[in-house]
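Lettering of chains follows the sequences in order, A, B, ..., and the numbering in each one begins at 1.
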Amino acid sequence: MPFSKTVIRNNYTSMGKEIPARNEDYSLWYNELVKKADLAEHSEVRGCMVIKPYGYSIWEKMQQALDKMFKDTGHSNAYFPLFVPKSLFEAEEKNAEGFAKECAIVTHYRLKTDPEHKGKLMVDPEAKLEEELVVRPTSEAIIWNTYKKWIQSYRDLPILVNQWANVVRWEMRTRLFLRTAEFLWQEGHTAHATADEAVRETVQMLDVYAEFAESFMAMPVIKGRKTDSERFPGAVDTYCIEAMMQDGKALQAGTSHFLGQNFAKAFNVKFTSKEGKLEDVWGTSWGVSTRLMGALIMAHSDDDGLVLPPKLAPIHVVIVPIFKSDEELKKITEKVDQISAALRKQGYAVKFDNRDTHKPGFKFAEWELKGVPVRLAIGPRDLENGTVEVARRDTKEKQVMKLDEVSAAVPRLLDDIQQSIYQRALGYRNEHITKVETYDELKKVLDEKGGFVSAHWDGTPETEAAIKEETKATIRCIPLDVKEEAGKCVYSGKPSNKRVLFARAY
RNA sequence: CGGGGCGUAGCGCAGUCCGGUAGCGCACCUGGUUUGGGACCAGGGGGUCCCAGGUUCGAAUCCUGGUGCCCCGACCA
């Protein structure tokens, strides 16, 4: 049925806060969900988004958890400038080349009133910068240039710094959270005396990311190494965590880079070793961004809206009263206050939705759209029976329980939800790793089933590029736990000693 | 950067072909009835029709030139 997207759009938006079905148009489902759930919206600036309070509070939860993990592994936060002088930016050649095409550049520092157009401003041609400033697409340049001043001896090492910041990459095509021109992220930048220590740091932070993805986001990931062509510009080795979305497309959720001595050499960062020798410093960098929000949304949510893992939900429990009179509401509120207090005491965020402007059904739908893990409903019947209705967002199951059991039951329920959405995502992910032996199979799986395709590859960039060209699939990673196994490249037939994961990706 | 679409009330859109007082749904405000899965009735408020110029007695509508955003592709952590 050749309905245009415009037609589909008409159908649901006129109905209020409904979103299109995932299996009809996954991409439209995602876009509408982000907007309708109050996570983010497009701004006046092309490719840039406004993260709304509800969306931002999820991001803050992510930040808190990650920040703690960084601190627990010995890192400290710092802040470096938004602007990078062009001469610094170009110092590490590969890095500069890699990002050159998507840099925003500041060329002037002043506006003036436009004599030709009343009330308008124009760039003051007199105020041209002597040296242009690049708006950071990443901060290695400015940071390594700074580290040069901080490091003289092995005693100054290691430096274990992280910064929470915004960066700008002038993307041609953007999508809310998944790829925006400006995005928020954290970038860790560490400096070490030995290669071994730097590699250990790189892997350690990859483990931190994997741990965060799995135990907080409830999103299983595959740890792996990128191929040469997918490597971070300027890095020796790029490690990643790859996740699987519900539409069978892969998403890179975090990266950790072993920089070798590349940036040290480019910025002349040397240290005197214990033995009195002058050596180049070893480096790492690692980051995750607001893209994780996109991953979180696409990993769990359904046609009724967001499904949030309790560990990242801004509101754990919403309580909806069902009442006819003020009198009734008052009685219900007394009970609700007791429950709320008991839950808050245990550290949960509780929302009592006592608006008298909306009916319960409306509230149920709205909080489901926003992904609140647990909903309690209390009405006159419950007052009589000393009960409360408990509903879980992930499965939509409802049960009625005794009021005095609630404060003990809710924590168990939240734990169960956290586990069960992880298990569901894990099940989906595992079902979508398909081993293939031939190129025809690889293409067939990509087209008909999606997901990761595990196949032998001859290790050459030519084969990788050819497969990408023909199938739109890229090598997502060489899994860290890959086992050596003799085989033949699905494309070239040349010998291969391990399988890699192919997928179409975000 | 190529192809397409769209800029009209807070949101989603109709009206544009064929010029003549700017409309519909949702949302909003007031009053009432409702409230265990997206309430109903009555009344009401709100718009430089993206911008600039032109044609015309008269432009959301026709002409010219801008501009912004979205979608698809290419590119890309």
Original post:
How would you label the contact of Val288(A) with the nucleic acid (heavy atoms, under 4.0 Å): base, sugar-phosphate, or nothing?
Top reply: nothing
Original post:
If we call it a pair only when both distances are under 3.5 Å in a Watson-Crick or G-U wobble match, what pairs with rG68(B)?
Top reply: rC6(B)
**OP:** Return the value, rounded to whole Å, for the distance between atom CZ of Arg504(A) and atom P of rG73(B).
**Re:** 11 Å
**OP:** Give a yes or no answer on whether the side chain of Arg393(A) reaches the backbone of Trp367(A) with a donor-acceptor pair at less than 3.5 Å.
**Re:** no
Original post:
So what's rG23(B) paired with, Watson-Crick or G-U wobble, going by both distances under 3.5 Å?
Top reply: rC13(B)
Original post:
Nearest to the side chain of Arg179(A), which nucleotide is it out of rA77(B), rG38(B), rC71(B)?
Top reply: rA77(B)
Original post:
Arg169(A) has an atom CZ; how far is it from atom P of rC76(B), in whole Å?
Top reply: 14 Å
Subject >> Nucleotide of rA77(B), rC75(B), rA39(B) approaching Pro233(A) most closely (side-chain heavy atoms) >> reply: rA77(B)
Original post:
Looking for any heavy atom pair under 4.0 Å, which part of the strands does Phe183(A) touch: base, sugar-phosphate only, or nothing?
Top reply: base
Original post:
NA contact type, Ser229(A), heavy-atom cut-off 4.0 Å: base, sugar-phosphate, or nothing?
Top reply: nothing
Subject >> d(NE2, His42(A); P, rC69(B)) in whole Å >> reply: 11 Å
Original post:
If only side-chain N and O atoms of Ser27(A) are considered, is one of them under 4.0 Å from the OP1 or OP2 phosphate oxygen of rC72(B)?
Top reply: yes
Subject >> Candidates rG36(B), rC76(B), rA77(B) - which lies nearest the side chain of Pro380(A) >> reply: rG36(B)
Original post:
Between rA74(B), rA77(B), rG38(B), which one does the side chain of Arg291(A) approach most closely?
Top reply: rA77(B)
**OP:** Return the value, rounded to whole Å, for the distance between atom CZ of Phe362(A) and atom P of rG38(B).
**Re:** 12 Å
Subject >> Side-chain H-bond candidate by donor/acceptor type, Glu464(A) with Thr227(A), under 3.5 Å >> reply: yes
**OP:** Mind checking Glu389(A) for me? I need base, sugar-phosphate or nothing, with any heavy atom below 4.0 Å counting as a touch.
**Re:** base
**OP:** For Glu171(A), answer base if it contacts any base atom (sugar-phosphate contacts may also be present), sugar-phosphate if it contacts only those atoms, and nothing otherwise; contact means non-hydrogen atoms under 4.0 Å.
**Re:** base
Subject >> Phe212(A) and Phe216(A) aromatic ring geometry - parallel, tilted or perpendicular at 30°/60° bounds >> reply: parallel
Original post:
With a non-hydrogen cut-off below 4.0 angstrom, is Lys472(A) in contact with a base, only sugar-phosphate, or nothing?
Top reply: sugar-phosphate
**OP:** Determine the interatomic distance between P on rC13(B) and the same-named atom on rA22(B); round to the nearest Å.
**Re:** 23 Å
**OP:** Searching all strands shown, indicate the nucleotide that pairs with rC49(B) (Watson-Crick or G-U wobble; both distances under 3.5 Å).
**Re:** none
Subject >> Aromatic plane relationship, Trp144(A) with Tyr147(A) - under 30° parallel, 30 to 60° tilted, over 60° perpendicular >> reply: perpendicular
**OP:** Take the protein atom CD of Glu469(A) and the nucleotide atom P of rC76(B), then report the distance between them rounded to whole Å.
**Re:** 11 Å
Original post:
Can you find a donor-acceptor N/O pair under 3.5 angstrom joining the side chain of Arg173(A) to the base of rC76(B)?
Top reply: no
Original post:
So does Glu368(A) reach the base of rG37(B) with its side chain, donor to acceptor, closer than 3.5 Å?
Top reply: yes
**OP:** Pick the C1' atom in rU30(B) and in rG19(B), then give their distance to the nearest Å.
**Re:** 39 Å
**OP:** With P as the reference atom in both, quote the distance from rC40(B) to rG25(B) in angstrom, rounded to an integer.
**Re:** 13 Å
Original post:
Does Arg22(A) come within less than 4.0 Å of Asp247(A), counting only side-chain N to carboxylate O?
Top reply: no
Original post:
Could you give all pairs that pass the salt bridge (charged side-chain N to carboxylate O under 4.0 Å, His left out) test and reach residues 222-234 of chain A, with sequence neighbours left out?
Top reply: Asp207(A)-Lys223(A), Arg225(A)-Asp237(A), Lys226(A)-Glu242(A), Asp228(A)-Arg231(A)
Subject >> Protein-nucleotide distance (Glu32(A), atom CD; rC70(B), atom C1'), rounded to Å >> reply: 11 Å
Subject >> rC18(B): pairing nucleotide in any strand, Watson-Crick or G-U under 3.5 angstrom >> reply: none
Original post:
Has the side chain of Lys398(A) got a donor or acceptor that lies under 3.5 Å from a partner of the other kind on the base of rG37(B)?
Top reply: yes
Original post:
Can you check the Asp38(A) CG to rC11(B) P distance for me, whole Å?
Top reply: 14 Å
Original post:
Just checking Asn31(A): base, sugar-phosphate only, or nothing, at a heavy-atom cut-off of under 4.0 Å?
Top reply: sugar-phosphate
**OP:** Would you indicate what Leu178(A) reaches in the nucleic acid, counting non-hydrogen atoms under 4.0 angstrom: base, sugar-phosphate, or nothing?
**Re:** base
Original post:
Taking the P atom of each, how far is rC70(B) from rC29(B), in whole Å?
Top reply: 31 Å
Original post:
Do the two ring centres, one from Phe70(A) and one from Trp286(A), sit under 6.0 Å apart?
Top reply: yes
Subject >> Mate of rU34(B) where both pairing distances stay under 3.5 Å, Watson-Crick or G-U >> reply: none
Original post:
Base, sugar-phosphate, or nothing for Arg381(A), non-hydrogen atoms under 4.0 angstrom?
Top reply: base
Subject >> Closest to the Lys101(A) side chain, choosing from rC75(B), rC70(B), rG36(B) >> reply: rC75(B)
Original post:
With a 4.5 Å heavy-atom cut-off, do Ile378(A) and Ile322(A) have their side chains touching?
Top reply: no
Original post:
Where the side chain of Arg375(A) is concerned, which of rG36(B), rG37(B), rA74(B) is the nearest nucleotide?
Top reply: rG37(B)
**OP:** Answer yes or no: does a side-chain N or O of Lys36(A) lie under 4.0 Å from OP1 or OP2 of rG38(B)?
**Re:** no
**OP:** Would you tell me if any nitrogen or oxygen in the side chain of His358(A) comes within less than 4.0 Å of OP1 or OP2 on rU35(B)?
**Re:** no
Subject >> Watson-Crick or G-U wobble mate for rC62(B), both contacts under 3.5 Å >> reply: rG54(B)
**OP:** To the nearest Å, give me how far apart NZ (Lys35(A)) and C1' (rC69(B)) are.
**Re:** 11 Å
